[in-house]
Amino acid sequence: MNPTQLELLSEQACFGGVQRYYQHASTEIGLPMKFSVYLPPQAQPGARVPALLYLAGLTCNEETFMTKAGAQRWAAELGLALIAPDTSPRGAAVPGETENWDFGVGAGFYLDASQAPWATHYRMESYLTAELLPLLTRSLPLDAGRIGLFGHSMGGHGALTLALRHGDLFKSVSAFAPICAPSQCPWGQKAFTGYLGADPSTWQAHDATALMGGRSGTPYPGGILIDQGLADKFLAGQLHPHLFEAACAAVRQPLTLRRHAGYDHGYYFIATFMEDHLKHHARQLLAWA
Ligand SMILES: N[C@@H](CCC(=O)N[C@@H](CS)C(=O)NCC(=O)O)C(=O)O
């Protein structure tokens with residue numbers, strides 16, 4: 001397969017737009033990668049629309065968000081495209097890569113691994129920022145100057161860290177139940193040790209709380225939106241939103257962190273607040289009031 005060629009795997013009409021699944025040969029990952037795209041009815045040749053890149057959590061793939069989050073209805077109304085990549089390489093044949101649900105396959109953590117044997121294929125940050133987004137804004141009616149970023153859990157970590165590391169690419173950011181301080185929780189410590197090595201000083205560049213704390217200004221003056229369920233079984237041990245909240249306050253980054261009684265970590269929670277997230281991005285990408 002030619003690296004720049006998109007193979008359309010399926011296409012379905014959805015809220016007046018189209019839901020598509022694609023595969024392509026990724027040069028950054030060195031393997032075929034799948035992803036999904038929702039194009040709203042406003043996306044036409046000659047009429048580029050803003051797009052939101054959604055990063056899913058542990059154990060998910062390119063289907064999870066599109067089938068469970070209920071985002072297409074709002075995307076169609078607002079004129080936003082949606083892009084959902086897979087959460088890791090698949091088929092890299094790294095020994096043990098499918099043995100853990102929180103490390104390896106389904107758990108790429110949206111960074112470029114520096115440690116053997118992961119470094120060859122586990123390059124999700126470069127894949128998304130240097131390959132997939134440029135490819136899609138070249139191939140589809142998407143506006144490269146109006147890209148927003150959001151995600152859930154591990155993907156919320158990905159959204160916050162990639163937004164802070166690539167402020168030139170992303171104009172708006174939000175997250176559902178993000179892993180806010182991966183250097184200080186078991187999921188993050190396990191992933192960073194495996195992908196980046198045992199020296200915690202190398203982890204800080206991929207830790208949203210550390211990245212925000214190191215800023216001198218406000219990287220997203222339009223504000224960051226985070227929703228967190230208070231019945232989320234991962235909240236106390238893994239997510240630590242209060243640490244990111246303090247880091248934002250210290251650099252005066254506007255943050256709306258909403259804590260919702262009764263909601264857990266799953267997609268019923270995500271679907272409940274999806275409209276608010278798409279409108280948060282629309283306000284910044286479309287001057288939507
Ligand atoms: N396998 C884990 C749960 C993994 C999990 O909750 N993954 C989240 C992201 S961190 C998810 O979105 N799963 C897919 C789903 O809920 O459909 C467990 O047994 O506790």
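Start at 1 and go down the list; that is how both ligands and their atoms are numbered. In this chain, residues are counted from 1 in sequence order.
When only non-hydrogen protein atoms are considered, atom 7 (N) of ligand 1 lies nearest to L58 O, 3.0 Å. Scanning the protein for heavy atoms near atom 15 (C) of ligand 1, the closest one is K68 NZ, 3.6 Å. Among protein heavy atoms, the minimum distance from atom 3 (C) of ligand 1 is reached at W101 CZ3, 4.0 Å.
Using a cutoff of 4.0 Å between basic side-chain nitrogens and carboxylate oxygens, E62 and R90 are not scored as salt-bridged.
Within the listing of ligand 1, atoms 10 (S) sit less than 4.0 angstrom from a heavy atom of S153. Ligand-side atoms of ligand 1 in range of F234: 6 (O), 20 (O), range being under 4.0 angstrom from any heavy atom. Heavy-atom contacts of K233 reach the following atoms of ligand 1: 20 (O) (cutoff under 4.0 Å).
Surrounding CZ of R73 are at most 12 heavy atoms belonging to other residues, nucleotides or ligands under 6.0 Å away.
Checked by distance only, ligand 1 and M154 stay at 3.5 Å or farther apart across all their nitrogen or oxygen atoms. In terms of polar-atom proximity, defined here as any N/O pair under 3.5 Å, T64 makes no such contact with ligand 1.
Just one of F176, Y54, Y267, F269 meets the ring pair (Phe, Tyr, Trp, His ring centres under 6.0 Å) condition when paired with H152; it is Y267.
Checked against a 6.0 Å centroid threshold, the rings of F150 and H280 do not count as neighbours.
Remark: distances from the non-hydrogen atoms of C60 to ligand 1 include one below 4.0 Å.
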Test log, rule salt bridge (Lys or Arg N to Asp or Glu O under 4.0 Å), inputs R259 and E245: CA-CA 12 Å; R259 295 171 166 93; E245 187 176 39; 3.0 Å; yes

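Considering only heavy atoms from C-beta on, F192 comes within 4.5 Å of H206 through its side chain.
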